[in-house]
Amino acid sequence: MSTEHVTEARTSVYVYEAPVRVWHWINAASIVVLAVTGYFIGNPLPSVGGDTSDMYVMGTIRFVHFSAAYIFAVGFIGRIYWAFVGNHHAHQLFTLPFWRGEFWRELFFEMRWYLFMERAPKKYEGHNPLAQFFMFFAVMLLSIFMICSGFALYGEGQGIGSWQYSLFGWMFDIFTNSMLLHSWHRLGMWVLVVFIIVHVYAAIREDIMSRQSIISTMISGERMFKDSKD
Amino acid sequence: MGETTETFYDVIRRQGISRRSFMKFCSLTAASLGLGPAFAAKIANAMETKPRIPVLWLHGLECTCCSESFIRSAHPLVKDVVLSMISLDYDDTIMAAAGHQAEAILEEVKTQYKGRYILAVEGNPPLKDGGVYCMPGGTPFVDKLKYMAEDAQAIISWGSCASWGCVQAAKPNPTEATPVHKVIKDKPIIKVPGCPPIAEVMTGVLTYILTFERMPDLDRQGRPKMFYSQRIHDKCYRRPHFDAGQFVEAWDDDNARKGYCLYKMGCKGPTTYNACSTTRWNEGVSFPIQSGHGCIGCSEDGFWDNGSFYDRVTDIKQFGIESTADKVGVAAATTVGAAVAAHAALSLVKRAQQKGSQSDEN
Ligand code: HEM
Ligand code: SF4
């Protein structure tokens, strides 16, 4: 028993390659910008006075939203590319091993750990199953939805002949009134906000309480294990 | 009625309209269709030489606001032309004939102009209980519609009722009012939505079909592109105030007097495709936003069911609970935030306990 504590064996693996790490932080920053500007698009700041031709408050907010949107979308495409060429952790975000019993068992184990029903967590190089589950839905699918709905709305402003509308106009076959698409785009933002709260909390907590590094891993790419037990 | 090779021009002249007025109408229509001046002559030529297309105007479940709009076209001539275009054949609201005499015309046109007439539908058929909630001439409207659609060349869905369902189809839609395109599936359908649509838009569409002998280009939702390809917001004269961030905050505030943007008052201009902000209404006098009220989005699908006319972030009814994205979002974020805080506190306690027991073991 005591030997373990003395050695404090620390091992590490290289998990997140540089492009994944860069993408993560660019993505995080663009989502923050998108959420803040998006909030003020539907719920604008108090009216300003002054000479109309000197003012561009709403215009600027929308411009920043659209610029961040392009960064977000291009980054996402780049991330998909990296899922193919990167290491085997790089495609974890895009897959959900739905048919693997083991996955669900471990997911429940992880839930029990969060519910304080397990004493010690398991070790994972990549995402733990619970994290993978949320990543798949809240990051992967939701990003796709935000990009499709966002560019569809953007296409309305660009005109129905624009490439944005040609590529994403089909969203209006589903959301036949554009007002409805606005509402769901907005709801998507709130889902992301909730995800961010949980994500940031879980990352900090895991960093402290679990047996591996989390936050520094997204900076250095190295997953450090705090002990050498299985 | 007789076998006619009668042209629109013949009809127009017979109604006492001068050639000069006729030419004016042609230029006006060419302009409203977004065509160059050369097309005015083309339109004139078509109206002079091509046989008139019979237009049958049916009324289902509706309020007749489309017809009201129609007979109040901006240019008085437009109205005359339009009436010549349609009333000669069938429009049970404004035609001279009535009763059996009127219904007989339907039959006559259906056989005589098989495959050539245009069916203009104002209102929609309610389907519930065999369609008994709308019974023109003693038969369910849905039957009449299907019967007349059989031999039509194309159908024009006038107004939001025919195009989307409008108020009678708003939740809970007690009579199961159903837009035309969901009942008639095998004919080209042109939607001209609006509650009501703009008169010039209606004439423009008919004139286009006559002149070019084809349907106008339609957008993804089946509306003629020349009138429905831009949103109110794209051509709104208050748009500079929107971009500047200058909004009306209350109906009686100074900003309202200054004519600032009505976005915060719930204007649906940014999500509404129509020509109001360019064509305007009543001889180009005004349109809702110009008179100080936001656009309510009357030409959009399900505009009654998309929350208040006076909010920008509106209720999502599809959600089961009626609530806005912001209400749902704030509630969820608060709940989750509180849960996270509680979880963090509990984690600290657990950790302290474990630390304690570990040092005991050592
Ligand atoms: C994380 C991703 C995103 C978030 C959180 C987000 C958030 C929002 C929010 C809250 C709104 C206001 C909706 C309303 O109330 O009307 C909005 C509007 C909009 N967003 Fe996004 N958005 C995201 C991504 C995108 C993307 C990728 C695009 C693509 C260009 C985009 C384009 C738009 C457009 C065009 C509007 C409407 C602007 C207007 O009506 O003036 N968004 N966004
Ligand atoms: S009044 Fe309505 S349509 Fe006009 S700029 Fe403002 S939001 Fe757009």
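Proteins come first, then strands; the chains are lettered A, B, ... in the order of their sequence lines, and each starts at number 1.
The contact between A:R205 and chain B is made entirely by side chain atoms (from C-beta outward), counting heavy-atom distances below 4.5 Å. Neither the backbone nor the side chain of A:L181 comes within contact range of chain B; no heavy atoms are under 4.5 Å apart. Both the backbone and the side chain of B:R312 come within contact range of chain A, judged by heavy atoms closer than 4.5 Å. Both the backbone and the side chain of B:H343 come within contact range of chain A, each with at least one heavy atom under 4.5 Å from a heavy atom of that chain. Looking at B:V330, both its backbone and its side chain come within 4.5 Å of chain A, counting heavy atoms on both sides. Neither the backbone nor the side chain of B:K258 comes within contact range of chain A; no heavy atom of the residue lies under 4.5 Å from a heavy atom of that chain. With a 4.5 Å cut-off on non-hydrogen atoms, A:H182 touches chain B through its side chain but not through its backbone. With a threshold of 4.5 angstrom between heavy atoms, A:I41 approaches chain B through its backbone and through its side chain. Contact of B:Q221 with chain A is made through the side chain alone, with heavy-atom distances under 4.5 Å. Heavy-atom distances place no part of B:D254 under 4.5 Å from chain A, backbone and side chain included.
The shortest heavy-atom contact between A:Y124 and A:R223 is O-NE, 3.4 Å.
Among the candidates A:P46, A:G59, A:G159, A:G169, the residue making the largest number of heavy-atom pairs closer than 4.5 Å to chain B is A:G169. The most heavy-atom pairs under 4.5 Å with chain A, out of B:D311, B:V336, B:D326, B:N255, come from B:D326. For the set A:I208, A:I204, A:N43, A:I196, the entry with the most heavy-atom pairs within less than 4.5 Å of chain B is A:I208. Between chain B and the residues A:S53, A:A202, A:S178, the most heavy-atom pairs under 4.5 angstrom are made by A:S178. Of the listed residues (B:Y260, B:Y273, B:W164, B:F303), the greatest number of heavy-atom pairs within a distance under 4.5 Å of chain A belongs to B:Y273. Chain B forms the most heavy-atom pairs under 4.5 Å with one residue out of A:P44, A:G157, A:S183, and that residue is A:P44. By number of non-hydrogen pairs under 4.5 angstrom with chain B, the leading residue of A:V193, A:L115, A:D173 is A:D173. Chosen from A:I61, A:V57, A:D51, the residue pairing most often with chain B at heavy-atom distances under 4.5 Å is A:V57. Of the listed residues (B:Q246, B:R231, B:H241), the greatest number of heavy-atom pairs within a distance under 4.5 Å of chain A belongs to B:Q246.
The 12-atom threshold is exceeded at CZ of A:F195, counting heavy atoms of other residues, nucleotides or ligands nearer than 6.0 Å.
To the nearest 0.5 Å, atoms OH (B:Y228) and OG1 (B:T272) are separated by 11.5 Å. In this structure, CZ in A:F136 is found 9.0 Å from CG in A:L93, a value given to the nearest 0.5 Å. Distance check, rounded to the nearest 0.5 Å: CG of A:L96 to CE of A:M140 gives 8.5 Å. Note that the CZ atom of A:R112 and the CD atom of A:E118 stand 4.5 Å from one another [nearest 0.5 Å]. Separating the OG1 atom in B:T278 from the NZ atom in B:K235 is a distance of 6.5 Å, to the nearest 0.5 Å.
Side-chain contact annotation: A:H65 with A:Y39, donor-acceptor N/O pair under 3.5 Å absent. A donor-acceptor pair shorter than 3.5 Å cannot be found between the side chains of B:E300 and B:T271.
The backbone N or O of B:K191 lies less than 3.5 Å from no partner atom in the side chain of B:S157, so there is not a single donor-acceptor pair. Of the possible polar contacts, one joining the B:S163 side chain to the B:G159 backbone as a donor-acceptor pair under 3.5 Å is found. The closest donor-acceptor contact from the side chain of A:Y201 to the backbone of B:A344 lies under 3.5 Å.
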